[in-house]
S.K.: 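Here it is, the structure in full.
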Amino acid sequence: ILAQIFPKWTNKAPLYAAVGAGLTLVVVVGLVWYYASPWYTDVGYRPTQPVPYSHKVHVRDLGLDCRFCHTGVETSSVAGLPPTKTCMNCHNMIKADSDKLALVRESFKNGTPLEWVRVHKSPDYVYFDHSAHINVGVGCASCHGNIAEMEVVAQHKPLSMGWCLDCHRNPDDHLRPASEITNMTWIPPANQAEFAAKQKELLDIKAPITDCTGCHR
């Protein structure tokens with residue numbers, strides 16, 4: 001009687017259900033893996049700033065060095081943002097009446113800092129030292145991308161733990177001469193492996209820090 005109620009193909013229904021459930025699980029995991037990862041949620045973050053500052057104009061066209069504004073990058077854990085006086089050193093003469101710089105002039109006059117919107121930020125439970133990376137030859141572009149081509153600064157890398165560990169385990173391609181630290185278009189030369197080996201020996205760079213206490217202190 002049951003054979004007359006259920007067609008023959010239903011014998012394989014459990015198999016079809018198991019395969020379908022497995023494929024559904026794979027798809028769901030894949031979607032969460034990508035859409036919940038920093039590569040999707042964080043990379044490309046480009047907030048609107050109170051003043052339209054163009055790195056393309058200041059860095060690429062005018063040739064300003066990163067350290068002109070980010071003065072703490074070689075000596076401090078934070079790169080730092082310039083005080084308004086740094087802006088006014090130039091803009092008290094250049095585009096001094098520009099409407100775009102009204103907030104800069106107001107900040108300088110009142111002594112109140114500009115409230116820039118932070119783009120790159122590690123979680124509070126992560127310790128990151130800019131100077132430790134810069135002073136061993138890791139260039140700005142390795143983490144921030146080619147800032148010199150950005151009209152509006154955007155996050156270029158995920159800054160995730162996995163991404164950091166990938167570099168810590170294989171730092172050679174990111175090590176460069178001190179003279180090239182702020183060069184946004186620097187490309188590792190053919191003898192990069194040889195240079196990296198000498199750099200690690202010269203600066204006494206120990207084995208890559210991959211244990212938890214390196215970043216979680």
Side-chain angles (χ1 to χ4, degrees), residues 38-39 42-108 113-122 128-159 163-164 166-167 171-192 195-196 199:
W39 282 105
D42 296 355
V43 172
Y45 174 56
R46 185 185 285 104
T48 301
Q49 300 293 348
V51 177
Y53 180 89
S54 169
H55 278 77
K56 181 183 287 188
V57 170
H58 290 81
V59 179
R60 189 195 70 176
D61 299 344
L62 299 178
L64 263 64
D65 188 279
C66 303
R67 293 160 292 195
F68 181 79
C69 294
H70 304 291
T71 56
V73 73
E74 294 176 301
T75 58
S76 171
S77 61
V78 296
L81 289 173
T84 307
K85 183 179 184 302
T86 300
C87 306
M88 291 303 294
N89 284 338
C90 296
H91 287 294
N92 64 352
M93 295 179 292
I94 301 171
K95 295 185 179 292
D97 299 321
S98 171
D99 292 339
K100 294 181 179 180
L101 299 174
L103 286 178
V104 176
R105 294 191 296 270
E106 181 181 342
S107 170
F108 184 66
L114 287 166
E115 296 184 6
W116 299 101
V117 181
R118 188 166 183 171
V119 179
H120 303 87
K121 188 180 188 305
S122 299
F128 178 85
D129 189 328
H130 273 85
S131 64
H133 291 76
I134 292 293
N135 291 326
V136 297
V138 178
C140 306
S142 289
C143 297
H144 297 291
N146 190 347
I147 292 287
E149 292 296 332
M150 296 184 189
E151 284 286 355
V152 180
V153 173
Q155 184 168 327
H156 185 69
K157 298 292 184 179
L159 308 185
W163 176 78
C164 292
D166 285 343
C167 185
D172 289 11
D173 285 345
H174 297 282
L175 300 179
R176 58 176 74 188
S179 60
E180 303 295 334
I181 288 295
T182 61
N183 182 351
M184 295 295 163
T185 58
W186 180 83
I187 299 175
N191 66 337
Q192 176 64 12
F195 165 77
Q199 183 84 331

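Source: prediction; values computed, not measured.
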S.K.: Measure the shortest side-chain to side-chain distance between V136 and Q199 over non-hydrogen atoms and say whether it is less than 4.5 angstrom.
M.R.: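 No - every pair of side-chain heavy atoms lies 4.5 Å or more apart.
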S.K.: Please report the shortest heavy-atom distance between I181 and V138, naming the atom on each side.
M.R.: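 Smallest interatomic distance, heavy atoms only, reads CD1-O, 3.9 Å.
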S.K.: When you compare the side chain of V43 with that of H156, does any pair of heavy atoms fall below 4.5 Å?
M.R.: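 A side-chain contact under 4.5 Å is absent here.
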S.K.: Are the side chains of P177 and W186 in touch, meaning some heavy atoms are under 4.5 Å apart?
M.R.: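 Yes; the side chains approach each other to less than 4.5 Å.
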S.K.: In this structure, which one of H55, R60, K56, M184 forms a side-chain contact (heavy atoms from CB on, under 4.5 Å) with N146?
M.R.: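 Going through H55, R60, K56, M184 one by one, the side-chain contact (heavy atoms from CB on, under 4.5 Å) with N146 is satisfied by M184 alone.
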S.K.: Looking only at non-hydrogen atoms, find the nearest pair between S142 and R176 and report the distance.
M.R.: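 Looking at all heavy atoms of both residues, the shortest contact is OG-NH2, 4.3 Å.
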S.K.: Around atom CG of N191, are there more than 12 heavy atoms of other residues, nucleotides or ligands at under 6.0 Å?
M.R.: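 Enclosed: over 12 neighbouring heavy atoms sit under 6.0 Å from CG of N191.
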S.K.: To the nearest 0.5 Å, what is the distance between CG on L64 and OG1 on T86?
M.R.: 10.5 Å
S.K.: Taking the side chain as every heavy atom from C-beta outward, state whether F108 and L101 have any atom pair closer than 4.5 Å.
M.R.: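 Side chain of F108 against side chain of L101, heavy atoms only: no contact under 4.5 Å found.
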S.K.: Give me the ring orientation class for W116 and Y53: parallel if the planes are under 30° apart, tilted from 30 to 60°, perpendicular past 60°.
M.R.: perpendicular
S.K.: For the pair E74 (side chain) and N135 (backbone), establish whether a donor and an acceptor sit closer than 3.5 Å, ignoring hydrogens and angles.
M.R.: no
S.K.: Quick one: are D42 and P158 in side-chain contact, heavy atoms under 4.5 Å?
M.R.: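 Sidechains of P158 and D42: no contact.
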S.K.: Locate the shortest heavy-atom distance separating C167 from H174; write the atom from each residue and the value.
M.R.: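 What the structure gives for the nearest pair is SG-CD2, 3.5 Å.
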S.K.: So, the side chain of Q192 versus the backbone of D172: is there a donor-acceptor pair under 3.5 Å, distance only?
M.R.: yes
S.K.: If you count heavy atoms of other groups shown closer than 6.0 angstrom to NZ of K121, is the number above 12?
M.R.: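 Above 12, so yes.
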S.K.: List the atom of V119, the atom of Q49, and the distance in Å for their closest heavy-atom pair.
M.R.: CG2-NE2, 3.8 Å
S.K.: Check whether any side-chain heavy atom of H91 lies under 4.5 Å from a side-chain heavy atom of S98, and answer yes or no.
M.R.: no
S.K.: Considering only heavy atoms from C-beta outward, does the side chain of H144 approach that of H120 to under 4.5 Å?
M.R.: yes
S.K.: Show the numbers, then the answer: is there a side chain to side chain contact (heavy atoms under 4.5 Å, CB included) between V51 and L114?
M.R.: CA-CA 9 Å; V51 177; L114 287 166; 4.2 Å; yes
S.K.: To the nearest 0.5 angstrom, please state how far the CD1 atom of I134 sits from the CG atom of D129.
M.R.: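 If we round to the nearest 0.5 Å, I134:CD1 and D129:CG are 10.0 Å apart.
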S.K.: I need the minimum non-hydrogen distance between C140 and T182, along with the two atoms involved.
M.R.: SG-CG2, 4.1 Å
S.K.: With rounding to the nearest 0.5 Å, note down the distance linking NE2 in H130 to NE2 in H70.
M.R.: 8.5 Å
S.K.: Compare every heavy atom of D97 with every heavy atom of R105, then report the nearest pair and how far apart it is.
M.R.: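 The pair with the smallest heavy-atom distance is NH1-C, 3.7 Å.
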